[in-house]
Structure formats: C-alpha cells, structure tokens
Amino acid sequence: MTALLPDIACQTTRLPIPLDWVGMQGIAVPLRIAGERVAAYADAGVSLDEADARGIHMSRLYLALEALADAELSPALLHALLRQFLRSHAQLSRRASLTLRFELLLRRPALVSPLSGWKRYACEIHAQLEDDALHLELHLNLPYSSTCPCSAALARQLIQERFDADFADRPLKASEVRAWLGSPQGIVATPHSQRSEAQLNLRLDPTAPTFAFSELIDHAEDALGTAVQTAVKRADEQAFALANGQNLMFCEDAARRLHRALLQREEVSGFEVRVVHAESLHAHDAVAVSRWVRD
Ligand SMILES: Nc1nc2c(ncn2[C@@H]2O[C@H](COP(=O)(O)OP(=O)(O)OP(=O)(O)O)[C@@H](O)[C@H]2O)c(=O)[nH]1
C-alpha cells in the first residue's frame, strides 16, 4: 500500500498575502528554432492571487515546459504554454510568465572572400499572459563597430595640413600625390573606432506567426552597416575599413538608424533601443536611447 504523501502546497497559510510572482528560475530547456535544437534557460512562474493558499504547484509548470522541446518556438506556442500554466493553477493565479534565455548561433558570410564563420547572439524572450492577453518582448544584443565622425573630420584636417606643407610651391604630379596618399607620412592621422553594442528591447506582436530572429538581426545589422565579422582575410578587412569609412557614427547616429529600421518591421509594436559605444577616446562609454510605441 502506498503511503499518502503530505501536500504542503495545498495547505492554507497563516500569512494571507497574495504574491506577485512565484516560480522557478534557470530551468534547462531545449528549444526548437528554425528546426534546430537550441539550449535555453527558462524562468517560469505565476502570480499567487489566492492569499490563503500556501504555495503554487511548481511541478505543473515544470512539466508544461516539455511542450517547448517538440514544437518550433512561436508566439502561439508560448501563448498555449502560458494558458496551460494558468489552467494548472485555476483558483490560484491570474497571471503567468515565462522568460527564455538562449544564444542564437548564426553563420555569417565574410564581406568579400568566400569564407564564413559563426556569430553568437544573446537573446531573451519575456512572455506574460493576463486576461488571455499575451505580452511578448524580445531582447537582442548586437555587436558592431563605430568610427567617430568627429575624429574622422579632425584626422582629415591634419592630412590636408600635411598636404599643404608637403606640396606647397611645387607643381603637383599625380604619381607623387598617389605615393604620398599611400604613405603614413601623408596620411598622418587616423580616426578612432570602437567595439559597440546595440541593445534592442522589442515589444512583439503576439499574433505574429513566427519569431523571425535572423531576419530581425539582419535588418538591424544592415541599418548599422558595420556589424562585427567572423572569418576575415585581408580583402574582408579592407571591405570592413570601407564600411566603417562610409558609416561614420556617433552613438546618436546609430540609435537613429536603428529607430528608423525597427519602424519598418511589422512584428515590432514598440521598442527601446540603447546603443553603447565603448569609447577608445575615453575610459567611459557614449550611450544613446530611443523609444517608440505603436499607438
Ligand atoms: N510551492 C513550492 N514548492 C516547492 C518549493 N521548493 C520546492 N518545492 C517542491 O516542488 C515540488 C512539486 O510541487 P507540486 O507541484 O505541488 O507537486 P505535487 O503536489 O506532487 O503535484 P500536484 O499533485 O500536481 O500538485 C514539491 O515537492 C515541493 O516541495 C517552494 O518554495 N514552493
């Protein structure tokens, strides 16, 4: 005969206070994204609105997460999962939430050479369900390079001054000027560049059929023009130098480019863009933030 197991969660509490969120953090879960298995961590929880109830039923949330293993990750899948969280906590909870943290590994082609390599993108999805309204947010961090436009202009001025000094009072010969342009004595100054990061916090349309992660990332990287590279040969490095020269950016410029680009994405219904330029001129960062919400 099996002994009856005590069930503490079903007792009443001596401190009848509702709780905003109760659940589990850091659960290992496999996701399916673009048909591939992706390792993730999940935080799963519900509100405990029934003040007298001692506890929630954590195992019910944990077991419901199994749905993530088999089906492609989508807004509809998260909606169904959060409904299941609430169904398994009838009379106890009105709100359910799920956070998924994972890294997308995308193959990135080189700029010129036929090579490619892998790039990691840290992603975080926050899903919350209340009154059957699903609220979805996606956090993405995109590393890129930014060359300071002010520094570029100052460097060009120094080059002009050196040109005046070197070529004053003598007839210009194209071959001499060409050689001068190719020498460190001619191009005396270079602008400073920095590794930069765009932190995108996107509110997503919960009725969107899919999470178009790689399309979103491509769109944002195209807007910047200087995403960090993977496999690089000299031809690629030269193309990157050109991309940097053609996309000189203050942090304000980068934030505005991303703002404009994200407005073009139908599935994005609001965002906060934070760009961080880890200055090489200063020991501190230059930061710009832009927000937008669809009316
Ligand atoms: N509510 C709650 N459960 C916890 C906590 N820490 C560990 N648990 C354990 O989570 C386990 C699963 O809880 P339940 O989902 O209530 O398990 P169960 O009663 O076997 O499952 P049901 O019959 O579906 O309610 C229990 O063994 C709890 O002891 C906690 O802080 N709060």
Side-chain angles (χ1 to χ4, degrees), residues 1-104 120-141 199 201-211 213 272:
M1 201 174 82
T2 317
L4 194 63
L5 302 175
D7 194 351
I8 302 298
C10 286
Q11 294 178 346
T12 52
T13 175
R14 275 185 242 154
L15 278 177
I17 298 170
L19 297 171
D20 290 321
W21 191 89
V22 188
M24 296 156 285
Q25 288 185 349
I27 306 167
V29 286
L31 305 176
R32 289 224 155 258
I33 297 177
E36 302 283 337
R37 181 156 278 197
V38 174
Y41 288 106
D43 301 344
V46 289
S47 56
L48 183 50
D49 301 292
E50 175 50 55
D52 291 321
R54 178 83 185 267
I56 70 156
H57 301 277
M58 301 217 175
S59 70
R60 300 178 192 177
L61 304 183
Y62 182 90
L63 294 172
L65 292 174
E66 193 58 39
L68 293 169
D70 305 323
E72 177 76 13
L73 186 67
S74 68
L77 180 68
L78 295 184
H79 202 162
L81 181 54
L82 290 176
R83 279 179 175 149
Q84 177 57 28
F85 282 8
L86 291 182
R87 256 201 307 274
S88 68
H89 285 77
Q91 321 305 330
L92 293 180
S93 309
R94 289 192 300 108
R95 200 169 55 246
S97 72
L98 177 69
T99 297
L100 296 171
R101 277 180 223 91
F102 54 94
E103 285 192 340
L104 277 183
R120 282 185 305 137
Y121 293 92
C123 303
E124 207 170 295
I125 293 178
H126 294 281
Q128 182 167 301
L129 187 67
E130 186 169 9
D131 298 329
D132 208 37
L134 180 65
H135 181 92
L136 276 183
E137 283 182 21
L138 171 64
H139 300 256
L140 281 174
N141 287 349
Q199 299 164 357
N201 184 2
L202 312 175
R203 184 185 294 180
L204 297 182
D205 176 358
T207 63
T210 57
F211 287 116
F213 296 115
E272 179 183 291

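Numbering of residues begins at 1 and proceeds along the displayed sequence. Remember, it's 1-based here, ligands and their atoms both numbered in the order they're listed.
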Under 4.0 Å between a Lys/Arg side-chain N and an Asp/Glu carboxylate O for [X] and [Y]?
X	Y	result
Glu137	Arg203	no
Arg95	Asp49	no
Glu72	Arg32	no

Non-hydrogen atoms of Ala40 and Phe102 that approach each other most closely: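 Taking every non-hydrogen atom into account, CB-CB, 3.8 Å.
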Which heavy atom in Ala42 sits nearest to a heavy atom in Leu65, and how many Å separate them?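 The answer is CB-CD1, 4.4 Å.
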Evaluate Met58 for polar contact with ligand 1, using N/O atom pairs at a separation under 3.5 Å.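 Between Met58 and ligand 1, an N or O pair is found under 3.5 Å apart.
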May I ask you to identify the nearest protein heavy atom to atom 17 (O) of ligand 1, giving residue, atom name and distance to one decimal place in Å?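 Protein heavy atom at minimum distance: Ser59 OG, 3.4 Å.
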Atom 24 (O) of ligand 1 [closest protein heavy-atom partner, distance rounded to 0.1 Å]: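 Nearest neighbour among protein heavy atoms for atom 24 (O) of ligand 1, to 0.1 Å: Arg60 NE, 2.7 Å.
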Yes or no, since that's all I need: does a protein heavy atom fall within a distance strictly under 4.0 Å of [atom]?
atom	result
atom 27 (O) of ligand 1	no
atom 15 (O) of ligand 1	yes
atom 21 (O) of ligand 1	yes
atom 3 (N) of ligand 1	yes
atom 11 (C) of ligand 1	no

side-chain contact (heavy atoms from CB on, under 4.5 Å) between Leu86 and Ser93, worked out: CA-CA 6 Å; Leu86 291 182; Ser93 309; 4.0 Å; yes
Numbered atoms and elements of ligand 1 in range of Ile56, under 4.0 angstrom, heavy atoms: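 What qualifies from ligand 1 is 1 (N).
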Those atoms of ligand 1 less than 4.0 Å from some heavy atom in Asp7: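 It comes down to these atoms of ligand 1: 19 (O).
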Are the side chain of Arg54 and the backbone N or O of Cys10 linked by a donor-acceptor pair below 3.5 Å?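 No; judged by distance alone, with no hydrogens or angles, the pair does not exist.
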